[in-house]
Protein chains: 2
Amino acid sequence: MLHYQQPLDLTFQALADPTRRVMVERLSRGPASVSELAKPLDMSLSAVVQHLAVLEQSGLVRSEKVGRVRTCRIAPKALSGAEKWIAERRASWERRLDRLGQFLAENPDEPSGSKR
Amino acid sequence: MLHYQQPLDLTFQALADPTRRVMVERLSRGPASVSELAKPLDMSLSAVVQHLAVLEQSGLVRSEKVGRVRTCRIAPKALSGAEKWIAERRASWERRLDRLGQFLAENPDEPSGSKR
DNA sequence: TTGATAGTGAAGCATTCACTTAAGTATCAT
DNA sequence: ATGATACTTAAGTGAATGCTTCACTATCAA
């Protein structure tokens with residue numbers, strides 16, 4: 001396919017990794033430094049920084065450096081984008097199921113898998 | 001890390017690909033055969049079948065074969081799981097921002113970035 | 001100034017991903 | 001029986017991912 005990477009690609013890709021979800025969970029409770037983010041994670045600081053880069057590129061996280069400490073915080077917008085996409089799909093199939101249910105209620109005879 | 005793959009891993013990973021999102025969008029409007037799913041996609045049928053396998057493993061899609069045609073439909077549960085995770089994160093930072101806003105409203109003096 | 005802290009950057013490596021092509025197997029229509 | 005349809009399976013390939021280690025640069029504290 002080789003499209004330009006859409007926001008949703010990056011968002012869902014970022015959320016697909018359990019380490020990154022742990023980081024997002026931590027940040028949704030409040031800002032944290034890179035080291036704080038790394039503390040519960042069983043991997044090198046380098047690896048954490050790389051995950052952080054993925055989160056920043058996806059727009060899920062912003063960060064700024066003051067002195068020698070980089071403070072990270074979530075940027076709610078990207079998360080909302082993903083949530084919205086899912087909600088739209090749900091709306092779509094819920095509408096369809098409603099129509100189907102209504103049809104079946106109005107046409108109670110000859111069910112498709114009719115016995116005997 | 002090498003964890004056992006959690007449901008959310010598979011769900012977000014599945015949604016990270018634009019081709020698979022197109023397939024999910026199609027299926028949220030109603031069931032479709034593999035060929036129907038493949039029609040708008042610019043790739044081999046094999047590739048589509050592989051994407052379908054990813055969607056099925058993630059639990060986002062179910063399918064059954066009757067005769068020579070495999071009919072696919074979305075399975076709402078996995079999508080709800082992803083939606084729920086996001087909603088929980090949002091709840092978390094919204095609560096925090098509420099507390100912060102309340103604190104600032106109650107302590108209008110000495111703002112942290114105070115001038116002069 | 002010396003040392004610890006907090007992070008950065010680059011290279012390397014095994015694995016996974018998103019495809020492709022090619023060769024199959026059922027099923028249905030004639 | 002023959003051919004077309006609707007997949008299915010396997011093998012291969014190049015690029016992306018998720019790490020590692022090692023070397024490095026700032027910043028702060030004593």
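Reminder, nothing fancy here: chain letters follow the sequence lines and each chain counts from 1.
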Chemist: Which atom pair, heavy atoms only, marks the closest approach of B:Thr19 to B:Asp17?
Modeler: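 B:Thr19 and B:Asp17 have their closest heavy atoms at N-OD1, 2.8 Å.
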
Chemist: Taking OP1 and OP2 of C:dT8, is either one under 4.0 Å from a side-chain nitrogen or oxygen of A:Ser46?
Modeler: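 Checking A:Ser46 against C:dT8: no side-chain N or O falls below 4.0 Å of OP1 or OP2.
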
Chemist: In sequence, state the C-alpha distance, the side-chain angles, and the governing distance for A:Glu25 and B:Trp85, and then conclude on side-chain hydrogen bond (donor to acceptor under 3.5 Å, both in side chains).
Modeler: CA-CA 10 Å; A:Glu25 282 166 12; B:Trp85 186 89; 2.9 Å; yes

Chemist: A:Trp93 ring centre to A:Arg89 NZ or CZ under 6.0 Å, with the angle to the axis within 45°?
Modeler: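 Judged by the rule (NZ or CZ under 6.0 Å from the ring centre, within 45° of its axis), A:Arg89 is not positioned above A:Trp93.
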
Chemist: Rounded to the nearest angstrom, tell me the gap between atom CD in B:Gln13 and atom C1' in C:dT16.
Modeler: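 Value for this atom pair: 9 Å.
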
Chemist: Nearest-Å distance, CG (B:Leu41) to P (D:dC7)?
Modeler: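 So the two atoms are 14 Å apart, to the nearest Å.
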
Chemist: If you pin A:Gly67 and A:Leu45 to their nearest nucleotides in DNA chain D, which one's is more 5'?
Modeler: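 It is A:Leu45, whose closest nucleotide lies nearer the 5' terminus.
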
Chemist: Let me know the distance between CD of B:Glu64 and P of D:dA6, rounded to the nearest Å.
Modeler: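 Distance, rounded to whole Å: 18 Å.
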
Chemist: Could you check how far CG of B:Asp17 sits from P of D:dA15, rounded to whole Å?
Modeler: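 Interatomic distance, CG of B:Asp17 to P of D:dA15: 18 Å.
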
Chemist: Rounded to whole angstroms, how far apart are CZ on A:Phe12 and P on C:dA18?
Modeler: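 One finds 15 Å between P of C:dA18 and CZ of A:Phe12, rounded.
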
Chemist: Starting at atom CG of A:Leu10, determine the distance to atom C1' of D:dA16, rounded to an integer number of angstrom.
Modeler: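 Taking CG of A:Leu10 and C1' of D:dA16, I get 13 Å after rounding.
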
Chemist: Counting only side-chain N and O atoms of B:Arg68, is one of them less than 4.0 Å from OP1 or OP2 of C:dT25?
Modeler: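 False: B:Arg68 side-chain N/O out of range (4.0 Å or more) of C:dT25 OP1/OP2.
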
Chemist: Quick one: does A:Gln50 reach the base of D:dC19 with a side-chain donor-acceptor pair under 3.5 Å?
Modeler: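 Yes, the side chain and the base share a sub-3.5 Å donor-acceptor pair.
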
Chemist: For A:Asp42 and D:dG18, what is the distance between atoms CG and P respectively, to the nearest whole Å?
Modeler: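 Interatomic distance, CG of A:Asp42 to P of D:dG18: 17 Å.
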
Chemist: Using a cut-off of strictly less than 4.0 Å, decide whether B:Ser35 has a side-chain nitrogen or oxygen near OP1 or OP2 of D:dC7.
Modeler: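 True: B:Ser35 side-chain N/O within range (under 4.0 Å) of D:dC7 OP1/OP2.
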
Chemist: Of all the heavy-atom pairs spanning B:Ser28 and A:Arg96, show the shortest one and how long it is.
Modeler: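 Minimum heavy-atom contact is O-NE, 3.6 Å.
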
Chemist: Between B:Lys65 and D:dT8, does any side-chain N or O lie under 4.0 Å from OP1 or OP2?
Modeler: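 Result: yes.
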
Chemist: Please report, rounded to the nearest Å, how far the C1' atom of D:dG18 is from the CZ atom of A:Arg21.
Modeler: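 Taking CZ of A:Arg21 and C1' of D:dG18, I get 15 Å after rounding.
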
Chemist: So, OP1 or OP2 of D:dT17: does either fall under 4.0 Å of a side-chain N or O from A:His51?
Modeler: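 Negative; the distance criterion is not met.
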
Chemist: Would you say a side-chain N or O of A:Ser44 is under 4.0 Å from OP1 or OP2 of D:dT20?
Modeler: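 Yes, A:Ser44 has a side-chain N/O under 4.0 Å of OP1/OP2 on D:dT20.
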
Chemist: Kindly indicate, with the supporting measurements, whether the criterion side-chain hydrogen bond (donor to acceptor under 3.5 Å, both in side chains) is fulfilled by A:Glu56 and A:Ser63.
Modeler: CA-CA 8 Å; A:Glu56 293 212 50; A:Ser63 78; 2.7 Å; yes

